[in-house]
Amino acid sequence: MRNQQATRLLFELSHPGRRAVRLPACDVPAARVEDRLPEHVLADAPPNMPELSEPEVIRHFTNLSTLNMSVDTHFYPLGSCTMKYNPKRNERVAALPGMIDVHPLQPDESVQGLLKLLYDLQAILAEISGLPAVSLQPAAGAQGELTALLTAASYFRDLGPEEAARRTIVLTPDSAHGTNPASAIMAGFQFEKIDSSPAGVVDMDDFRRKLDDRIAVLMITNPNTLGLFEPTMREIADAVHEKGGLVYLDGANMNAILGIARPADFGADMQHFNPHKTFSGPHGGGGPGAGPICVTEHLAPFLPVPVLVKDDDTYRLDYDRPKSIGRVRSFFGNVGVLVRTYAYLRTHGAEGLRSVSENAVLNANYLLSRVQSLLPVPQGNRCMHEFVASAAKLKSETNISAMDLAKRLIDYGFHPPTVYFPLTVRESIMVEPTETESKETLDAFADALRQIIGEDPEMVRQAPHTTPISRPDEVRAARQSVVTYQSGR
Amino acid sequence: MRNQQATRLLFELSHPGRRAVRLPACDVPAARVEDRLPEHVLADAPPNMPELSEPEVIRHFTNLSTLNMSVDTHFYPLGSCTMKYNPKRNERVAALPGMIDVHPLQPDESVQGLLKLLYDLQAILAEISGLPAVSLQPAAGAQGELTALLTAASYFRDLGPEEAARRTIVLTPDSAHGTNPASAIMAGFQFEKIDSSPAGVVDMDDFRRKLDDRIAVLMITNPNTLGLFEPTMREIADAVHEKGGLVYLDGANMNAILGIARPADFGADMQHFNPHKTFSGPHGGGGPGAGPICVTEHLAPFLPVPVLVKDDDTYRLDYDRPKSIGRVRSFFGNVGVLVRTYAYLRTHGAEGLRSVSENAVLNANYLLSRVQSLLPVPQGNRCMHEFVASAAKLKSETNISAMDLAKRLIDYGFHPPTVYFPLTVRESIMVEPTETESKETLDAFADALRQIIGEDPEMVRQAPHTTPISRPDEVRAARQSVVTYQSGR
Amino acid sequence: MPYVYNTPDDQRQMLQAIGASSIEELFAVIPEEMRISGRLDMPPALTEMELDAHMKRLASENQHAGEAVCFLGAGSYDHFIPAAVDAIASRSEFYTSYTPYQPEVSQGNLQATFEYQTLVARLTGMDVSNASVYDGASAAAEAVLMAISTTSRPGHIVTAGSVHPEYRQTIATYLRHLGKDIVTVATPDGTLRADSLAQAVDDQTACVLIQQPNFFGAIEDVETAAQIAHDAGALLIVIFDPISLGLLRSPGDCGADIAVAEGQTLGTPMSYGGPYLGIMACKKKLVRRMPGRIVGQTVDRHGRRCFTLTLQTREQHIRREKATSNICTNQGLFALRAAVYAALMGPEGLRGVAELCLHKACYAAEQIAATERFSLAFDGPTWREFVVRDSQGRVDDVLTQLRSEGILGGVPLGRWYPELDDCFLVAVTEKRTKEQIDALVRALSQQSATVVAPA
Amino acid sequence: MPYVYNTPDDQRQMLQAIGASSIEELFAVIPEEMRISGRLDMPPALTEMELDAHMKRLASENQHAGEAVCFLGAGSYDHFIPAAVDAIASRSEFYTSYTPYQPEVSQGNLQATFEYQTLVARLTGMDVSNASVYDGASAAAEAVLMAISTTSRPGHIVTAGSVHPEYRQTIATYLRHLGKDIVTVATPDGTLRADSLAQAVDDQTACVLIQQPNFFGAIEDVETAAQIAHDAGALLIVIFDPISLGLLRSPGDCGADIAVAEGQTLGTPMSYGGPYLGIMACKKKLVRRMPGRIVGQTVDRHGRRCFTLTLQTREQHIRREKATSNICTNQGLFALRAAVYAALMGPEGLRGVAELCLHKACYAAEQIAATERFSLAFDGPTWREFVVRDSQGRVDDVLTQLRSEGILGGVPLGRWYPELDDCFLVAVTEKRTKEQIDALVRALSQQSATVVAPA
Ligand SMILES: Cc1ncc(COP(=O)(O)O)c(C=O)c1O
Ligand SMILES: Cc1ncc(COP(=O)(O)O)c(C=O)c1O
């Protein structure tokens, strides 16, 4: 019953002369375009866009949508991504005209409602993190990292040329997300990594070996990407501080510790949040996100402009911040995402947030308890919000890889977990169920996994069998690099 | 990749204690319920509703939705139903708070915008129909029929007891929709049918035989359900009028003649519109619709209350209509549908509406020209907005029935046409493409039909093969009559 | 030409295939004199951008419950609608499909309707529900027709003054040409008295129709009415309020044979009166007399559970003039909304809403009754709604003044009840805050203070 | 506890399976002293009903373009968004999914992104597009980084005063600790002069970055800039406006090596500045230096055409510290909106919108220039936006007065350009009617009439 005609490419569906929109007649005196703009800048013809009717456009994209798995349709335990349910109430309030039809350069007096919301959001984030100074500007977690590292760099520069010249290195555990090293380089630092111990946490010997006064920032994800709380967190932070460095917490895994532990309390000087993850974004098929950062008081002067401040009862954007790093994007930030974040936080409150983390951790541990009888979970039988199993043994025995398991889970109606990240576990399968899933769903997932492991390996290796397409040729994609529509291909 | 867990019945998914909603604390002094309401009227326990979390509810219904074909996803040539594309602009404006959060009993002064809209809508409908007096009250086409017939009955009663006693019969061609005879009976009339000629139009001999002064109303669908314009329409209407009867036009097929012919001009005294069809409703999975009626000036006093009138520049609901039939429902009407109707009409204008019908008829004729080489279309090689093919010959030759063809079309990604209606054609297949479909879609449909006719009949008889379920046992459904969830069945 | 689905070039090709020289030619079957010569006289076409601006302007000329504080009820209520209801109802697979004639491509609609039927049956304590009719009033009328055909009694229909007057009008209109009489038992005390009812019922009575809570918001004695009706061999039809069943005994439990309701309160916006949801449920033995579509469970050719329209021989498209009703298009999308709403609320949520309505309405009633000028028109328990009497008898002035203060204060009763032309009906849903109720009471108190010269 | 996904009973069972005695115990790995003893200090949880009311109140404290008439631009514009864009973007399969790591269950997102890339490439006249970056400003910064790594030139980056000041600030911030200099060529006439540019460029210049139409709404000579850049062996980066390409020659056609834009104008609401859409396209030879995700076409194991993320070795999750950028989450939903918008508009629609902007802005500029008090700050052709000078130099007063009349009249330029502190930028999109423009002009004329005492 799939409509395969409608999902041909827009360019194949295009038909000269079709029109989806009508524009009003020009109600002001119109001149020839050539009389108003120099001819040499004018295009010879209108842009080469496809031509379709509105029903064709709607049918095309509606049918395309049904080719996706999504949180609203499927269990989506994609590790490190916190694919929790996105409450519909957030979408409704974020769509209010008074929230969405607001121009970014309206004077502060005309957006007091929004500024109040954003100001109060800052306060809540500061409370969750324990770090008092907030910038809502970064557009995603990775940009939050960059912004914070630039803030740190400016801070060291502010301490004098010597300190600035010395602090050249960002240190990160090898289980870190790829954004950490990439952000370090973009911010002008060199990058060094710390080995993980067999237990999946920071190898303290290696850490101590690498720690010296060249370290500007230690970036650490805690709970880490294996779903483990770093047991020596405090020790690590103290050691870094002692050497004059700063500690950055990659907050992608905050879903495990909301209202339970505050990054400031375990030594972080800076952190970002991923509201599209922790605070139910939603993820938008790849974005938008937001990447608000919280920092200590002494780093506050370096935060991007503008800074949102409150004078008595009015809210104001402060651009007069001489030590600021400047800005990392235009305008205020990804406000649409932040409004949803605020709605999420306000409808949960302190108890609600704590319960989020409690249940996220409970769900993960429960699923871990069910999965570990099927696949080894090298880093122990307890976790925080996610855990990493390994298909290495299965692969050596049956030639079923982590990827094969992932693909076959699709046939059972589940979005696959993250596979092959973190890099520190072979054939890794990183499962993050989140708190919004029911026990029944977790059971069904574990049952499916068990069943798959008993299936004919050949069949599993050819999975998925129930999707419109199966196992794209990625090598060919990269080699031929067809990245725009080429008619006839 | 289908999520079959999520589409179990709500009652199977239910789990005691799950909660999707939270309610605010009571902010007024609360008493015990028993102190405020007599105990004997209080239920022993809360109602036996399922208990689910919000993600479960969303996942359940979202997955259910994907089991439907719909206009937004598929070509849906369901004859007599005018499954045209429903422009998204109508949905947007109908959702404005000033349109939707309005209480039906607000004073007229507080809803002048809406009353103006509805008043102007009346004028446009009157213009399309040529009949000047409008009631927007009926909730669907069938209720429009009933309302008009009650109006007619009151009119005859108003002419005196003799006339009232005489006018007992409603006459309708045998190709009429089932609502016509049913409405006639509900309005207190007897019902007689007129045979169709072999050409698929009113058999004038039979008509003349049945016409006498007992006829209160002739109900006629024009273009009729075979997609043919009744060639003797004027003659029929004149003859009815001559006998003192009234002519009712079933307006379900207005999509063929908007701006081209007006029912008043071919003799109608009354008609309904089906805005959910002709004016792009949408259809809502079975409703809501609306059934506004237009009547001649001399029938106007009998229309339901309230009547929307304009005094100078203000709009007012007039309840003081002593001859009115009363009302056929509560409040004003299906206003949400009427707002969309208004939006549709205002974005089309006179030329736009004419072009709707021109293209509806062109599309139908084009598809007819392609289909008639595959299946006989007994009533000729031209049609209005739809046509009726017959699988009778195919069935006798290959044992492929109209239903089999319908089911197999599903596998090709098409919603089946209407089958087995009208009853006057054997193995009928009633195809109404509407104006919003492209030539490519019509071609693909005809190609599919051609291909199917060449397929293995056994396979066709077992179609559909690509749907979650295939060929429900309808006899069992009726016999066992399980119409609510029974656990374990 | 506004929207181009097929271009002039496509049209040319299509005409060629048809063998026609022009589109005009396709209309040649319509005799010239029936054709419009010019074009329709209507306003010029708006673009989408212009439509938006135009509709926003019209919308701004309506006071609405988002800005004004709404205490209006009388059959339509400002209850809260969770965003999840809108999210589901705006899935285009639901709202751009139609009646599920083809079950293989309609399991979504069919299963949702089956679930709706089950929810209604459970809520009402009845055996079966149909897939919806138009609204509460037409549901009541259809129920009366059901009762007439079931009992085959020639006699009258008994109802009460405390039943929604527009519902009674609707029934009267439906019956007007069927030669049936309606007897309306007066309810001067605001509820139906058992003795008055007993007097009106006889062995020719087809049915008794009452409303619980009634039009005045008051609690009726449904069981006694059932007793009286059944003793006379008549059916009892109860018009219920779905939300009230969070607290009250169900119609089935109280002895109703047919239960009908306006389902607007289950997740449907007020929309100036429609589209709404006519709920209709009955005892199993009456199912073959029930109008409208019904979805049944069955199995497919592989034995898989599935759903399909069933018992269609009741319906107009099969039985034509012998059908139980003429209904075809119903209110499918609103049955879906009701199902989503009920699934979200669950037992606790429904009860919670019903309780909040009770407590807030009681609080409002007490406060209003404590003003100098206003009193409650009737004694006896009420749930979400109550009748206020203005000792100065100037209901319109009072409400106009409230409206100028941003309060939609109540529905005047004089239009339907001349004897209550000094009264108005006030409804208080769970959405109303104490602050808003206090503002209403304050505004009314201020009017108490103002001495008004007699009109 | 607010929302119950698993009940206390479920939790007990789960704990048992885990072998833990309490949820508390699961957190035992976190040393006591790092745990919060009490609970977070934040406002109590709102229910959905309360949230709605709360957010409506906050929203009502913002003036918005639905009620006020918006002439603000400077990088964000009040263009019309067809309802069909919202309808598609609110399909939850789009907005509740994530980066398409698993192509089998992400063909919807992948194909839509592939289509978006193609649309961008066609619009810009470039060979390839990525799947989006954050916004126009960060796209510009990423383009500069690309140019630096491509040319491997140690030297400076040349840009112009007529480039959006926030974009220049963003670039400066990105470069701050990389030891690169930015030279900003002044544009006192409102456009970049070729001789000034030529002077600033040398054989160490990595790139030239200009904006077309520029920040002041004026038309730059891109071809000449391309010539100058290329003659010096530098890359040309052009910041374009997508809607303007309905009329103007594309960046590719004018010689750009990298083209970036703010994509907000393609169907994204203004949302107080974000989330928006960073568009980024380049010549084929630069593709391996491009940041962000890219979708490529390939075939599956049955030979069926399909789409997948490709060229991932550029990306942080593969290359880590050697990646072209750190970007991970991008602006997928807004790339989708842009694709839907472009598909709806088609060539004629895009041209039509661009023309309406041109004519309306020209009309507004002419009318304003005809007032006594106000004049245009610069000569030369403009498209959708222009700079107005207040002869009395009281820009804030003027705009405040306009605002009190319901007009968001313009963006003051003094914050970025002290020399233009008597100027403001006025943008006129296709949504503005003659009536609205006339009202603006009338309001400004009235201010001309009022004689104001010097401040
Ligand atoms: C551990 C970790 N750090 C950082 C990021 C980057 O965040 P974003 O994708 O919001 O830029 C991610 C997200 O994928 C992550 O999982
Ligand atoms: C010819 C005809 N008449 C009447 C009707 C009844 O209209 P409705 O379904 O709106 O009640 C229909 C609709 O199915 C129809 O096709």
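No hydrogens, no waters, no symmetry mates; every other heavy atom, side chains included, goes into these values. Throughout, protein chains are lettered first and strands after them, A, B, ... in sequence-line order, and every chain is numbered starting at 1.
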**Student:** For the pair E54(A) and R19(A), find out whether any cationic side-chain nitrogen is under 4.0 Å from an anionic carboxylate oxygen.
**Tutor:** no

**Student:** For R415(D), which atoms come within 4.5 Å of any heavy atom of chain A: side chain, backbone, both, or neither?
**Tutor:** side chain

**Student:** Regarding K360(D) and E430(D), does a basic nitrogen lie under 4.0 Å from an acidic carboxylate oxygen?
**Tutor:** no

**Student:** With only heavy atoms counted, which part of L344(D) is less than 4.5 Å from chain A, the side chain, the backbone, both or neither?
**Tutor:** both

**Student:** Contact part of L123(D) toward chain A, heavy-atom cut-off under 4.5 Å: side chain, backbone, both or neither?
**Tutor:** both

**Student:** Determine the option with the most heavy-atom pairs under 4.5 angstrom with chain A, choosing from I318(D), D135(D), T113(D), L145(D).
**Tutor:** D135(D)

**Student:** Which bit of L72(D) is near chain A, if near means a heavy-atom gap under 4.5 Å: side chain, backbone, both or neither?
**Tutor:** both

**Student:** Who wins among Y134(D), Y98(D), Y95(D) for the most heavy-atom pairs under 4.5 Å with chain A?
**Tutor:** Y98(D)

**Student:** Closer than 4.0 angstrom, basic N to acidic O: yes or no for D52(D) and R89(A)?
**Tutor:** no

**Student:** Which bit of S154(A) is near chain D, if near means a heavy-atom gap under 4.5 Å: side chain, backbone, both or neither?
**Tutor:** both

**Student:** Would you kindly check if the NZ (Lys) or CZ (Arg) of R91(D) is within the cone defined by 45 degrees around the ring axis of F61(A) and under 6.0 Å from the six-membered ring centre?
**Tutor:** no

**Student:** Just give me the residue among I327(D), D78(D), T170(D), L333(D) that pairs up with chain A most often, heavy atom to heavy atom, under 4.5 Å.
**Tutor:** T170(D)

**Student:** I'd like to know if the side chain of E145(A) pairs up with that of S183(A) as donor and acceptor (distance under 3.5 Å, no hydrogens or angles considered).
**Tutor:** yes

**Student:** Run the salt-bridge test on E358(A) and R354(A) with the 4.0 Å N-O cut-off and return the result as yes or no.
**Tutor:** yes

**Student:** So which of L336(D), D10(D), V295(D) has the biggest tally of heavy-atom pairs under 4.5 Å with chain A?
**Tutor:** V295(D)

**Student:** In plain terms, say whether K116(A) and E61(D) are close enough for a salt bridge, that is, a side-chain N and a carboxylate O under 4.0 Å apart.
**Tutor:** no

**Student:** Among T310(D), L46(D), V29(D), who wins on heavy-atom pairs under 4.5 Å with chain A?
**Tutor:** L46(D)

**Student:** Under a 4.5 Å heavy-atom cut-off, does chain D meet the side chain of T73(A), its backbone, both or neither?
**Tutor:** side chain

